[in-house]
Amino acid sequence: MKSILDTRPALAAEIMKVAEVAGFLWEKGWAERNGGNITVNVTNEVGCGCSLPDKALAGPFAIGETLPNLKDCWFFCKGTNRRMRDLARDPMANGSVIKITEDCAHYYIVADAVVPPTSELPSHLAVHNWLIGKGSSYKACLHTHPTQLVALSHNQAFLQKDVLTKLLWSMIPETRAFCPRGLGIVPYMLPGSNSLASATIAALEEDYDVVLWEKHGVFAVGEDVIEAFDMVDTLNKSALIYRDARAMGFVPDGMSEAQMADLARAFNLPK
Ligand code: 2HA
Ligand code: ZN
């Protein structure tokens with residue numbers, strides 16, 4: 001079957017990154033059934049004034065709001081109800097490339113098949129709209145269900161501002177170094193709702209790259225989907241170290257404030 005990717009190596013490379021990450025999410029046990037979603041702004045990879053067929057496969061469909069920075073943007077989106085493990089195996093049969101219309105309120109499904117995008121499309125597109133508006137180079141949004149981070153979100157003590165950031169940073173130097181903005185917190189809200197989307201943007205606006213949705217999962221942004229995944233993976237590694245220390249029967253010491261400050265100086269880290 002002919003694919004939009006056949007003649008577009010840059011687009012194929014971005015979508016292969018999505019497939020690779022989808023496989024990691026499944027292997028880690030963070031993607032039960034159709035859990036999680038990924039969207040990537042592929043406008044640059046499709047190419048401006050591109051020769052893609054004007055004839056879309058389906059649409060226009062309403063986004064549900066008007067997102068003025070998304071005019072004529074292209075996205076690769078995991079399909080609604082599709083499984084990460086299937087996205088890993090065959091991304092173009094379990095996700096689709098969509099194009100936002102000129103009115104910034106609708107989209108067409110362009111390729112390769114009519115796979116309606118993720119149920120979290122409104123929140124993902126609202127975040128992409130916000131990223132473009134602030135001139136960010138970030139192109140990827142990732143939502144997943146990392147077991148240990150979600151478990152920590154079931155305790156109110158960990159949901160106070162930057163309590164988890166400090167705890168997770170202190171478990172291993174890499175987390176401080178590679179998640180320098182820490183972990184934002186979003187209180188429980190209905191999955192797929194506009195209020196969850198606005199609360200997520202408000203938390204990202206506080207200068208986090210990864211936010212924890214209470215009793216649900218995380219939402220991460222990055223230059224590409226690999227970068228977004230690596231931050232979540234690093235944060236969850238810290239959660240695993242904390243869990244294992246507790247399971248061994250003690251509360252872990254954590255790196256000291258002085259060790260953390262030293263690290264921040266050495267790596268020139270923000271905050
Ligand atoms: O798309 O994880 O929150 C599946 C989800 C929704
Ligand atoms: Zn979810």
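Numbers for residues simply follow the sequence, beginning at 1. Indexing begins at 1, ligand by ligand and atom by atom, following the structure's order.
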Which atoms of ligand 1 are found less than 4.0 Å from any heavy atom of Ser119?
-> 1 (O)

So does Glu14 pair up with Lys17, basic N to acidic O under 4.0 Å?
-> yes

Within 4.0 Å of some non-hydrogen atom of Asn34, the atoms of ligand 1 are 1 (O), 4 (C)

Just wondering, are more than 12 heavy atoms of other shown residues or ligands nearer than 6.0 Å to CG in Asn155?
-> yes

Does the pair Lys237/Glu174 count as a salt bridge with the N-to-O cut at 4.0 Å?
-> no

For residues Trp130 and Glu205, is any side-chain donor paired with an opposing acceptor at under 3.5 Å?
-> yes

His216-His143 aromatic ring centre distance below 6.0 Å = yes

Got a sec: does the CG of Asp6 have more than 12 other heavy atoms crowding it under 6.0 Å?
-> yes

Give me the protein N, O or S atoms that fall under 2.8 Å of the Zn ion (ligand 2), sorted by chain and residue number.
-> His143 NE2, His145 NE2, His216 NE2

So, His128 and Thr39: side-chain donor and acceptor under 3.5 Å apart, yes or no?
-> yes

Enumerated ligand 1 atoms positioned under 4.0 Å from heavy atoms of Gly36 | 1 (O), 2 (O), 4 (C), 5 (C)

Run through Leu70, Asp72, Thr43 and flag the one making a side-chain contact (heavy atoms from CB on, under 4.5 Å) with Lys99.
-> Asp72

All heavy atoms of Cys104 vs all of Ile100, minimum pair found to be CA-CG2, 4.0 Å

Any side-chain heavy-atom pair from Leu131 and Asn41 closer than 4.5 angstrom?
-> no

What protein heavy atom sits nearest atom 6 (C) of ligand 1, and how far away is it?
-> Glu120 OE2, 3.3 Å

Proximal ligand 1 atoms for His145, defined as those under 4.0 Å from one of its heavy atoms = 2 (O)

Polar-atom distance check: Trp213 versus ligand 1, any N or O pair below 3.5 Å?
-> no

Would you say ligand 1 has an N or O under 3.5 Å from any N or O of Asn37?
-> yes

Purely on distance, is any nitrogen or oxygen of Lys78 under 3.5 Å from one on ligand 1?
-> no

